[in-house]
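Everything below concerns the one structure shown next.
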There are 2 protein chains.
Amino acid sequence: MTAIATRQAVDEQRLARAYLVRVAEPPAPALVAFVGERGPVEAAARVRSGDCPEKVRRETAARREVDLAERDLETAAKAGTRLVVPEDEEWPAWPLLSLAVATGRGVENVASPLALWVRGEANLAQAADRAVAVVGARLATNYGEHHAAELGHGLATRGVPVFSGAALGIDGAAHRGALSAGGVTVAVLGCAADVGYPAGHIDLLNRIAENGGAVVSEYAPGTPPARHRFLVRNRLIAALTDGTVVIEAGIRSGARNTATTAGALGKVVMALPGPVQSGNSAGCHALIRDCKATLVTSVDEVVDTVGRFGPAPEPENPRPRRPTDVLAPEALRVYEALLPRAGRSAEEVATAAGVPVDRVRAVLPELELDGFTVRGDTGWRRITRSAPR
Amino acid sequence: MTAIATRQAVDEQRLARAYLVRVAEPPAPALVAFVGERGPVEAAARVRSGDCPEKVRRETAARREVDLAERDLETAAKAGTRLVVPEDEEWPAWPLLSLAVATGRGVENVASPLALWVRGEANLAQAADRAVAVVGARLATNYGEHHAAELGHGLATRGVPVFSGAALGIDGAAHRGALSAGGVTVAVLGCAADVGYPAGHIDLLNRIAENGGAVVSEYAPGTPPARHRFLVRNRLIAALTDGTVVIEAGIRSGARNTATTAGALGKVVMALPGPVQSGNSAGCHALIRDCKATLVTSVDEVVDTVGRFGPAPEPENPRPRRPTDVLAPEALRVYEALLPRAGRSAEEVATAAGVPVDRVRAVLPELELDGFTVRGDTGWRRITRSAPR
């Protein structure tokens, strides 16, 4: 095909998918399989006419006569939103493959999306190439929001895109942390990209879209939020990232659902601990305790746990060292048998330390050379050292 | 052997072990193996004369001429301290077996103790039969001390003895929590039981010893604390319990050492999480993150994780006809010296029963555990039991 013919073909497919992505409420496993077999253009025609398998008919029966594809594409374009389809280079095919694999293994409610509405400057495939999701409670504490913002900032600083759900609380803090570092952050919504939900985050969503990030939704323009849509959306957050970090989550929470889904998709699941009396950390602690999540306390640990983001950096807090750390066990016993103010003979040290006197006689001069002891008129004394060698 | 001959033999062995437990600085794997081969009496004689393998000679060379066994036993007895030896029924043979097994597997520095100095009313074997260690930072926060006390209280309330190291901070809070619930708590020290260290815990140690618990040490009377002794002591805390809970520990800390040792001994290792910015929880988080410890946030989770503290199993023996049929002769005498309505002190019971007061002190808590006695304001009272367990 020529370039023009190719573009025409893709536009035809995009139009078909704009119809298909609205015709069934996601996830729609039968429709996804049907589109995979027939291609989007034929599948759309057959859905419209009802000439399709029974399971597909059931998924599409309620809306098959509603064809708003052209209008949706126009409405979206006016709002700066494009429909990204599997036929596009920007389609995050590799990360989303986890959904098809899990569906094939029998995991329910994780069918692939048929297309994704995207608003913003980010190339979705690039953003999802190596990314981390940071999710958590809406009614977060200062503790949780602080660490979500720190983690968002730290990941963005390392060039790791931060995905979240744009909810109040932890999600918003993670997005803001990434933005504050000038990084890429992606909000995946449980309503259309143009609905402006939650209302308190309309400005945040605009900043995300306009500062190198993206606002992503499976839902056609105008689709309102609904509880089941948040759960369905969670599979996209899990699929589009290498790992999910939960920061503050109640025992029953959407963030735990995202984490569980991430686990089912074979992604890395992490959780940040908190004070045990905080109900907001109970979901995190349960995930860690049940071995479903790895405990993380810093961006270094997140990067290390996901393990795909280049060599682990030097630890920020090297182990504290004591002067006596350099001493072998026997020498340490001799050293500790010395007194700081009164002298002791080698025999006295041997008895106190339980080390043979010939070894004590050998070790004491070594300790003296290294500045740990001094020999005086009354015997050997300990020198307390304040700084490591 | 007759009863008198048996007692004489045990006394001779005790004297030998009082010499042996001082002659080498623990852990002393060669000496422990030698005593296992030759028995304590012959081993002590051979160590004194130098007629022993080279490795044993090296462990004992510095102190082999120091025989303070009789003096140590007298000094200890005056302070209410007894030397518990493997030949005693009170010896916690089963829990300590983990040390011999680990030593056999090549784990270093976990040789069995040759004997244990014990001050207090608790029967050590019973206390260690199903116990949990709660350990942590000396420089603890209010957060850590609160949860250590809560956990100590909760375990004691369920009849689970609480072991710790009597250090300032977490250890002390755990002991106090157990005491506040009227439970058994055991302090295992890195110095002699009579040294009174740390100074700020002298009252606490006395309360532990006098309220059904025990102060335990491998070190002969007068032995001062030393850093290596705390590390060596940690193996006993780990071995004498079914599991260890770490509450607040820096990245380098004795509590982490206890946890690591517990793991090497095949015991359950647990850690309580905390705020991630708290350096005091960093050691706990590292243990959990490295999958060396299970995250716990409550006494329920600790009990669930250790998994041994359900309802007591049915006795294998056929049902006794009277409740007191289950009692050994000595315990039966103690029981019969109690009165149902008036309290008696241990000394009064000893006189009435014709049983040594130290044995009375050991037996009474056993009887209490089994529901035969109760301790009130005026002393110990008999509970008349109508049905066998």
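A, B, ... follow the sequence lines: proteins, then strands. Residue 1 opens every chain.
With chain A as partner, the option from Val66(B), Thr294(B), Thr297(B), Val276(B) having the largest number of non-hydrogen pairs under 4.5 angstrom is Val276(B). Heavy-atom pairs under 4.5 Å with chain B peak, among Glu301(A), His147(A), His146(A), Gln277(A), at Glu301(A). Ranking Ala350(A), Ala286(A), Pro275(A), Pro329(A) against chain B, the residue ahead of the rest is Pro275(A), based on heavy-atom pairs under 4.5 Å.
Residues of residues 54-65 of chain B having a heavy atom under 4.5 Å from any heavy atom of chain A, listed by number: Arg58(B), Glu59(B), Ala61(B), Ala62(B), Arg63(B).
Glu347(A) does not touch chain B: none of its heavy atoms, backbone or side chain, sits under 4.5 Å away. With a 4.5 angstrom heavy-atom cutoff, Thr351(A) touches chain B via backbone and side-chain atoms both. In this structure, the portion of Ala352(A) lying under 4.5 Å from any heavy atom of chain B is its backbone and not its side chain. Heavy atoms closer than 4.5 Å to chain A are found nowhere in Ala24(B), neither backbone nor side chain. In this structure, chain B has a heavy atom under 4.5 Å from the backbone of Ala353(A), while its side chain stays farther away. In this structure, chain B has a heavy atom under 4.5 Å from the side chain of Asp358(A), while its backbone stays farther away.
Annotation for Leu295(B) and Arg289(A): closest pair O-NH1, 3.1 Å, computed over non-hydrogen atoms.
The number of heavy-atom neighbours closer than 6.0 Å to CG of Asn142(B), taken from other residues, nucleotides and ligands shown, is 12 or below.
Each salt bridge (charged side-chain N to carboxylate O under 4.0 Å, His left out) pair with one or both residues in residues 134-152 of chain A, not counting sequence neighbours, would appear here, but there are none.
A salt bridge is absent between Arg333(A) and Glu25(B): the closest approach of a Lys/Arg side-chain nitrogen to an acidic carboxylate oxygen does not fall below 4.0 angstrom.
To the nearest 0.5 Å, the span separating OH on Tyr335(A) from NE2 on His228(B) amounts to 14.0 Å.
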